[in-house]
Structures are given as C-alpha cells and as structure tokens.
Amino acid sequence: QVHLVESGGVSVQTGGSLRLSCAAQGDLSSRYCISWFRQALGKEREWVASIDRDGQRPYYRHSVKGRFTIARDNGKNAVDLQMDSLKPEDSAVYYCAADPSGSGVVCSESERWYEYWGQGTQVTVSS
C-alpha cells in the first residue's frame with residue numbers, strides 16, 4: 001500500500017515557476033511508474049508527465065515539454081515536478097499517481113493503470 005501526498009501548489013503569475021512535490025508514505029517501490037496528472041475546472045483529468053522506476057526516462061505531454069521537469073528520488077520516496085514559464089492554461093489541480101501494474105520501465109499515460117493517487121494540490125496561474 002502506498003499513500004501519496006502532494007504539496008507546493010500556490011497562485012503565481014504568468015511566466016512564474018513552481019515546484020510540486022509528491023511524497024510517498026510507505027514504500028515507493030522502485031518498480032512503479034509515477035505520473036503527474038491535472039484537472040482543470042470543468043475539464044477531464046489529463047496526463048502531464050511520467051517518470052520510470054529508475055528516474056532515467058521522463059515523459060511529457062506536448063504542451064508542457066521544455067517547461068516542466070519531472071524528477072524522482074527513490075531514496076527519499078519522492079517525485080517532484082518543476083514547472084517553469086507557467087501559463088494560465090496550466091491552472092488545475094495536480095495529482096501524483098503510482099502505477100504498480102507494469103515493469104516500471106515504460107509508463108502509461110492512461111489513468112486506468114494508476115492504483116494509488118494523492119489528494120491533489122491546486123495550481124493557479126494568473127495573467
């Protein structure tokens with residue numbers, strides 16, 4: 001069992017930066033893919049970024065590539081999402097999630113595979 005807790009969500013202005021953290025209470029198994037998803041008000045939840053079990057293979061949705069960086073520290077049971085050059089369309093509740101179903105090498109963008117979820121942290125980007 002893994003319990004995930006996100007933190008770091010605040011309100012910033014366009015062009016600003018934020019670092020979101022996802023802390024695992026319990027063993028953040030090194031074989032899990034970890035992903036960040038987000039859900040804007042009135043929209044469906046969407047995948048943002050993933051990191052493989054070793055922290056060597058990051059994956060990003062097109063709209064955040066080059067602006068967001070996902071990083072993982074298995075020793076600290078933590079996964080961070082550094083967000084730079086923020087835009088108003090990045091405003092959403094951000095969730096981290098863990099996928100225990102695969103090998104942890106190739107990460108899925110589909111939330112159906114993610115069994116463990118945090119409660120979410122709100123990011124608001126004002127223009």
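A ring-ring contact (aromatic ring centres under 6.0 Å, His included) check over residues 91-127, counting only residues at least two apart or in different chains, returns the pairs F37-Y114, F37-W117. For residues 58-92, the set of pairs meeting the ring-ring contact (aromatic ring centres under 6.0 Å, His included) definition, not counting sequence neighbours, is empty. Residue pairs meeting the disulfide bond (SG atoms under 2.5 Å apart) criterion with at least one partner in residues 54-93, sequence neighbours excluded, do not occur; the list is empty. Within the structure, disulfide bond (SG atoms under 2.5 Å apart) contacts touching residues 41-105 (residues at least two apart or in different chains) are C22-C96. Counting only residues at least two apart or on different chains, no disulfide bond (SG atoms under 2.5 Å apart) pair has a member in residues 39-74.
Remark: D99 engages S101 in a side-chain hydrogen bond (donor to acceptor under 3.5 Å, both in side chains) (not counting sequence neighbours). Looking at residues two or more places apart in sequence or on another chain, you find a side-chain hydrogen bond (donor to acceptor under 3.5 Å, both in side chains) between S21 and D80. By the salt bridge (charged side-chain N to carboxylate O under 4.0 Å, His left out) test, E109 is found to be paired with no residue, residues two or more places apart in sequence or in another chain being considered. Applying the side chain to side chain contact (heavy atoms under 4.5 Å, CB included) rule to E115 yields the partners P100; only residues at least two apart in sequence or on another chain are considered. For S85, there are no side-chain hydrogen bond (donor to acceptor under 3.5 Å, both in side chains) partners, not counting sequence neighbours. Partners of S17 according to the side-chain hydrogen bond (donor to acceptor under 3.5 Å, both in side chains) rule, which considers only residues two or more places apart in sequence or in another chain, are D84. Residues passing the side chain to side chain contact (heavy atoms under 4.5 Å, CB included) test with A40, sequence neighbours excluded: K43, A92.
Taken to the nearest 0.5 Å, the CD1 atom of I34 stands 10.0 Å off from the CD1 atom of I51. Here R19 contributes atom CZ and L81 contributes atom CG; the two are 9.0 Å apart, rounded to the nearest 0.5 Å. For the atom pair CZ (R38) and CD (E46), the distance works out to 4.5 Å, reported to the nearest 0.5 Å.
Here the side chains of L20 and V123 are in contact, with some heavy-atom distance below 4.5 Å.
Both V64 and V10 are members of a single hydrophobic cluster when ILVMFWY side chains are connected at heavy-atom separations under 4.5 Å.
Within 6.0 Å of CD on E89 lie more than 12 heavy atoms contributed by other residues, nucleotides or ligands. Heavy atoms from other residues, nucleotides or ligands lying under 6.0 Å from CD of Q13 number 12 at most.
Looking only at distances, a side-chain donor or acceptor of R72 sits under 3.5 Å from a matching main-chain atom of D52. Proximity of a side-chain donor or acceptor of S50 to a complementary backbone N or O of S35 within less than 3.5 Å is not detected. Although no hydrogens or angles enter the test, the distance criterion places a donor-acceptor pair under 3.5 Å between the side chain of Q119 and the main chain of E6. In this structure, the side chain of R67 engages the main chain of S63 through a donor-acceptor pair within 3.5 Å. Using modelled atom types, no side-chain atom of D54 and backbone atom of Q56 make a donor-acceptor pair closer than 3.5 Å. Of the possible polar contacts, one joining the T14 side chain to the S126 backbone as a donor-acceptor pair under 3.5 Å is found. When atom types are taken as modelled, the side chain of Q25 and the backbone of H3 share no donor-acceptor pair closer than 3.5 angstrom. A donor-acceptor contact shorter than 3.5 Å is absent between the side chain of N74 and the backbone of N77. Between the side chain of R61 and the main chain of W47, a donor-acceptor pair closer than 3.5 Å is present.
Contact record, V125 with K87: CB-O, 3.3 Å, taken as the closest heavy-atom pair. In this structure, A24 and L4 approach most closely via the heavy-atom pair CB-CD2, 3.9 Å.
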